[in-house]
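Below is one structure; the comments refer to it alone.
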Amino acid sequence: MSYRSRVAKDLDRWIAEGLVEARNRETILQNLSQGRLAWSAAGAAAILGAVLLALAAISFVAANWAGMSRVLRFAVVLAALWAAYGGAALAFARRNEAVGHALALLGAALFGVGIVLTAQTFNMSAFRNTGVLIWTLGALVTALALPSRPVLILAALLGFSWVWLESFNPFAPDIIWSYLPLWLVTALAATRLKSLASWNLISAGLLVWIGFVIWEAGRGDTLSELEEMVLFTLVAGAIALAASFARDREITGSGTLTHWAALASVFTGWALQFPIADFGDAQDRSEIYAWIEIDERWARLFGIEGGAFLIPGAIAAGVILAFAFLRRARGALAGGAAGAIAAAALLALALPYLVRWAGPEMILVLRFALGAAIYAVSVGLILQGAREARRFVGGLGILLFIAQTLHVYGSLFGDLLDTALFFLVGGLLLFALSIGLTRVQKRLAVRSGDEGASA
């Protein structure tokens, strides 16, 4: 069912309940249509045609590479490039936006073909990642000049590809600081053009870049594996809380960034138990295999106490606390949820120090305690999603609950429980959770009805 159809169905129900006057129905639907860009078959066909033409240009140049002179190669690509941009300008002037966006997308793609041709002609093999950056900038300028969402999506995709390639490039700088201004400009463009597809790509790209920065910072035994994971969890959580504050103010794209950062923070937090479990397994194997170096494994996973983790970790945790209580003060977040977020942030910040303080003898206790905390977080997310009717939050809690249950079964009880018994217990737990959520929703519905009647 389309968005317009869903709104029309809701309007009919609201009219029947007396919430909306019948005479306003068509006006609302007309206003809705004006506010949303329609996705037409003609527009989709034009975009696909542009992609095929770009592939045709690449294939033509590749097939006739040996028989074409350098001048002819550049002439063919440049002619096709300017023909595409000229056709896009003409299409926009005649108000044929579908063809205009398609030809602009074709022009941006051919610009990349020209960059690749230049690199191959002059044998610039080390230029390939820089070429992707130049291609990104060209597509971004095109998207802003027209403006064009499809071209902006291409620019966001190219920016994500560039930071991904540079992250694994041994000749790249230790930290790719140039990605930050590129990300900011693309984010502003995505907000201006209201492109959620672009926001999905740049949100993923930002998290990849942050992960690369933390990994680089941890090289040379500056951070342990656990500290790297905790730091990423806290930074992603800080971004999620800051973006959710922007979402409360209805800034385009902030909800998308919130979802990506929350997903990264929650599941990296879930993975914090892996280094602890890894050391516990190494302890068990060391009793059989004398070659396993327990002290070396401990140092790699948990490190020694230093200041490289504490300062950035405390800053990230402070941002989480500040935005959690700021949203609580503005009524956008329940008091229990704000307290739970603050407790989770402080626990994550203290975890590396708790592990070092407890020592190898308490690893099993830490595994159980962390597992219980993860279960508590998953149930809290589910309850929060049910109370505020936020499907993403509730779904995230369910995914975390399932992932933790599978982890517990595989790592702790895999040799003790039969598979059928495991699924039986899991099914009963989910049914009990469903019954509990149903009761919570009924109580909330009764409470809201009583408040409405008293008002």
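With rounding to the nearest 0.5 Å, the separation of CD in Q273 from CG in L226 is 11.5 Å. Here the CG-CG distance, from L263 to L399, works out to 8.0 Å after rounding to the nearest 0.5 Å. Note: E216 CD to S167 OG = 9.0 Å, rounded to the nearest 0.5 Å. The CD1 atom of I214 sits 13.0 Å away from atom OG1 of T222, with the distance rounded to the nearest 0.5 Å. A distance of 14.0 Å separates CH2 of W199 from CD1 of I153, quoted to the nearest 0.5 Å. Going from atom OG1 of T136 over to atom CZ of F111 covers 9.5 Å, rounded to the nearest 0.5 Å.
Between the S254 side chain and the I251 main chain, a donor and an acceptor come within less than 3.5 Å of each other. Looking only at distances, no side-chain donor or acceptor of S265 sits under 3.5 Å from a matching main-chain atom of A262. A distance-only check finds a donor-acceptor pair linking the side chain of N200 to the backbone of L196 [under 3.5 Å]. Although no hydrogens or angles enter the test, the distance criterion places a donor-acceptor pair under 3.5 Å between the side chain of E227 and the main chain of S224.
Annotation: cation-pi geometry not satisfied between R328 and F325 (NZ/CZ under 6.0 angstrom from ring centroid, within 45° of ring axis).
Here the side chains of R367 and M362 are not in contact, with every heavy-atom distance at 4.5 Å or above. Under the 4.5 Å side-chain criterion, counting only non-hydrogen atoms from C-beta, E228 is not in contact with F309. Inter-residue side-chain proximity for S198 and T186 is flagged as unmet; no heavy-atom pair is nearer than 4.5 Å. Within the 4.5 Å cutoff, the side chain of L133 has no heavy atoms near those of the L158 side chain. Between F323 and S244 the shortest side-chain heavy-atom distance does not fall below 4.5 Å. Looking at I202 and T256, their side chains never come closer than 4.5 Å, going by heavy atoms from C-beta outward. In this structure, the side chains of L351 and V355 come closer than 4.5 Å at one or more pairs of heavy atoms. Using a 4.5 Å cut-off on side-chain heavy atoms (C-beta onward), L310 and Y353 make contact.
Among all heavy-atom pairs drawn from A324 and L333, the shortest one is O-CD2, 3.8 Å. A316 approaches A238 most closely through the heavy-atom pair O-CB, 3.7 Å. A358 approaches L366 most closely through the heavy-atom pair CB-CD1, 4.0 Å. Across all non-hydrogen atoms, the minimal contact from L152 to L140 is CD1-CD1, 3.8 Å. Here the closest heavy-atom approach between residue A264 and residue L207 is recorded as CB-CD1, 3.9 Å. Scanning both residues, L105 and P150, for their nearest heavy atoms gives CD1-O, 3.8 Å.
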Exercise for the section: Take L321 and L241 through the test side chain to side chain contact (heavy atoms under 4.5 Å, CB included) and record every step on the way to the result. Expected result: CA-CA 9 Å; L321 296 178; L241 265 295; over 6 Å; no
Exercise for the section: Would you check, one step at a time, whether the test side chain to side chain contact (heavy atoms under 4.5 Å, CB included) holds for T142 with L154? Expected result: CA-CA 11 Å; T142 302; L154 174 63; over 6 Å; no
Practice task
Check the pair L400 / L396 against side chain to side chain contact (heavy atoms under 4.5 Å, CB included), numbers first and verdict last.
Solution key: CA-CA 6 Å; L400 181 61; L396 186 60; 5.8 Å; no
Problem - Stepwise side chain to side chain contact (heavy atoms under 4.5 Å, CB included) test for V266 and V377 - result: CA-CA 9 Å; V266 166; V377 170; 5.5 Å; no
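Using a 4.0 Å cut-off between charged side-chain N and carboxylate O, D248 and R330 make no salt bridge. Between E97 and R149, no side-chain nitrogen of the basic residue sits less than 4.0 Å from a carboxylate oxygen of the acidic one, so the salt-bridge criterion is not met.
Side-chain contact, W270 with Q404: a donor N or O sits under 3.5 Å from an acceptor N or O.
Here the options are W177, F160, W183, W164, the test is ring-ring contact (aromatic ring centres under 6.0 Å, His included), and the partner is W209; only W177 passes.
Other residues, nucleotides and ligands contribute at most 12 non-hydrogen atoms within 6.0 Å of the CZ atom of R249.
Taking the six-membered ring where the residue is Trp, W162 and Y179 present tilted rings, their angle falling between 30° and 60°.
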